[in-house]
Amino acid sequence: MPSKISTALTATEQPFSFPPSRVGPFVFEGRTFYVKRDDLIDPRYSGNKARKFHRLFSLPSDRYDTLVSYGGAQSNAMLSLAHLAKAKGWRFEYHCKRLPQWLRREPAGNLSAALALGMELNESEARDFYEVVQRRRQRCGERELFVPQGGADPMAEEGVKRLADEVAAWFAGKGFAKGSVALPSGTGSTAFYLCKHLPPSLRVATVPVVGDADTLRNQWRQLDPSAAAFPAILPSPKWPFAKPRADFLQLWRKLLEAGIEFDMIYAPKTWMALLRQADALPAPILYIHTGGVSGNASQLEQYRYRKML
């Protein structure tokens, strides 16, 4: 069985810490939002990866010798885990679905960076992928640490609670009695634990980018079947994950021109939904910048390949 990640530090461990990420106003489409710049926490573990993997940073290097995970070939979580394994001196085994020939010949983006850090890539046919991953998880020994796709695991709660504490302190420090916290969701664990640890006066609103609203709710139930409340899910257009889309590209460019570079996959869909629903959300609205900009280079190539850029 896979190793369990204890939430209690031992006498030989030191808690990992970094200063709270800054918050600043962001005027977009005639409205003032606020953006919490989690993307600037650390270039290796930016955005919600710094939050979700916070518990792992404090683990002593000699506790494990192998890190095992799985997901997409351009995953931001994959690259953060590659940095973590490199820093700890661990072997990093990553599982993904079969790569297209062009990407196998010339790795690019997050995949190229993770491979350069020593990641060992294991490909499987799409029809067999999750079965292969499950079998590998069951074979994990005591010296092997298994991290679910995107860090969707209760171990993420510790770091996201710290984010919630920072957010609540910011609202209180500004004298705001209520407000909204908006962010995109892949696995949804960041949004879920924010909702759990923020006061009811702060409404958490999110947009499913991988799957739909039902998929997101199912993932939240897996994290905690007894949860009393879930984040609000903003209506958004259904669209295949990471597939280029002209209006997403246009919106991403507008965001960039307004002064902040966001990721090209999660942020455009979220901002599109947020702009449409902003009047229905308690003000002010604080957007959590969940990082992921390291994947923009490969996504831009997708737009060029489709002659959309």
Side-chain angles (χ1 to χ4, degrees), residues 39 47-49 70-80 94-114 121 123-130 133 149-152 182-191 205-219 233-257 260-277 287 289-309:
D39 59 310
N48 62 349
K49 306 309 175 292
Y70 66 99
Q74 293 292 359
S75 165
N76 297 311
M78 172 193 71
L79 182 54
S80 288
Y94 189 77
H95 293 260
C96 72
K97 296 176 183 177
R98 190 73 63 187
L99 298 178
Q101 289 293 333
W102 65 267
L103 186 58
R104 187 179 296 108
R105 286 194 305 269
E106 297 184 24
N110 286 350
L111 176 62
S112 176
L121 191 65
E123 301 174 52
S124 300
E125 297 296 338
R127 64 179 180 273
D128 303 322
F129 178 63
Y130 290 105
V133 169
Q149 182 175 12
L183 71 163
S185 279
T187 62
S189 51
T190 305
T206 193
V207 174
V209 182
V210 183
D212 56 16
D214 288 338
T215 302
L216 196 54
R217 291 189 189 97
N218 287 335
Q219 290 174 152
I233 298 178
L234 302 182
S236 60
K238 291 185 177 180
W239 193 252
F241 178 70
K243 182 179 179 180
R245 176 169 163 153
D247 53 354
F248 285 179
L249 176 62
Q250 182 182 26
L251 182 54
W252 177 78
R253 283 172 157 169
K254 287 183 178 180
L255 289 163
L256 186 62
E257 291 168 359
I260 298 179
E261 181 182 7
F262 292 91
D263 84 281
M264 297 188 71
I265 295 176
Y266 291 86
K269 186 178 182 182
T270 305
W271 276 101
M272 183 178 290
L274 183 58
L275 290 170
R276 292 171 178 171
Q277 300 294 316
Y287 185 95
H289 193 319
T290 54
V293 298
S294 63
N296 285 351
S298 58
Q299 189 66 4
L300 283 168
E301 286 302 316
Q302 289 292 321
Y303 277 97
R304 293 189 184 99
Y305 176 77
R306 294 173 182 265
K307 302 187 185 306
M308 299 171 68
L309 187 62

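Since the model is a prediction, treat every value here as computed from it, not as a measurement. In this chain, numbering begins with 1 at the start of the sequence shown. Only heavy atoms go into these numbers, but all of them, side chains included; no hydrogens, no water, no symmetry mates.
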Q. Who passes side-chain hydrogen bond (donor to acceptor under 3.5 Å, both in side chains) against E106, sequence neighbours left out?
A. none

Q. Does S75 have any side-chain hydrogen bond (donor to acceptor under 3.5 Å, both in side chains) partners at least two apart in sequence or in another chain, and if so, which?
A.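 Partners of S75 under the side-chain hydrogen bond (donor to acceptor under 3.5 Å, both in side chains) test: none.
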
Let me have the donor-acceptor pairs involving side chains of residues 237-249, under 3.5 Å, with sequence neighbours excluded, atom names and distances please.
{"residue": "W239", "atom": "NE1", "partner": "K243", "partner atom": "O", "Å": "2.7"}
{"residue": "R245", "atom": "NE", "partner": "D247", "partner atom": "OD1", "Å": "2.6"}
{"residue": "R245", "atom": "NE", "partner": "D247", "partner atom": "OD2", "Å": "3.2"}
{"residue": "R245", "atom": "NH2", "partner": "D247", "partner atom": "OD2", "Å": "3.1"}

Min side-chain heavy-atom separation [X]-[Y] under 4.5 Å:
X	Y	result
W252	Y303	no
L255	I260	no
R98	R104	yes
Q250	R253	no
L274	V207	no
K269	P184	no

**Q.** side chain to side chain contact (heavy atoms under 4.5 Å, CB included) between K97 and S124, worked out
**A.** CA-CA 5 Å; K97 296 176 183 177; S124 300; over 6 Å; no

Q: For salt bridge (charged side-chain N to carboxylate O under 4.0 Å, His left out), just list the numbers for E257 and K254, CA-CA rounded to whole Å, side-chain angles, deciding distance to a tenth of an Å, and then say yes or no.
A: CA-CA 5 Å; E257 291 168 359; K254 287 183 178 180; over 6 Å; no

Q | From R217 atom CZ to D212 atom CG, the distance as rounded to the nearest 0.5 Å | A |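 If I round to the nearest 0.5 Å, the distance is 8.5 Å.
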
Q. Could you give the distance from CD (E261) to NE2 (H289), rounded to the nearest 0.5 Å?
A.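 Reported value, rounded in 0.5 Å steps: 7.0 Å.
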
Q. Looking only at side chains, do T215 and N218 share a donor and an acceptor under 3.5 Å apart?
A. no

Q: Just do the side chain to side chain contact (heavy atoms under 4.5 Å, CB included) check on L111 and L99 with the steps written out, would you?
A: CA-CA 11 Å; L111 176 62; L99 298 178; 4.0 Å; yes

Please name all residues satisfying side chain to side chain contact (heavy atoms under 4.5 Å, CB included) with [X], sequence neighbours left out, ordered by chain then number.
X	value
Q149	Y70, Y130
S298	Q74
A297	none

(Q) For L79, is there any backbone N or O sitting under 3.5 Å from a side-chain donor or acceptor partner on Y94? (A)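 Side chain of Y94 to backbone of L79: no pair is present.
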
Determine the minimum heavy-atom distance between [X] and [Y], stating which atoms define it.
X	Y	value
I265	V209	O-CG1, 3.7 Å
T206	L183	OG1-O, 2.7 Å
H95	V133	CB-CG2, 4.1 Å

Q. Can M264 and L256 be said to form a side chain to side chain contact (heavy atoms under 4.5 Å, CB included), step by step?
A. CA-CA 10 Å; M264 297 188 71; L256 186 62; over 6 Å; no

Q. Would you call the rings of F262 and W271 parallel, tilted or perpendicular, where under 30° means parallel and over 60° means perpendicular?
A.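 Taking W271 first and then F262, their aromatic rings stand perpendicular (interplane angle over 60°).
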
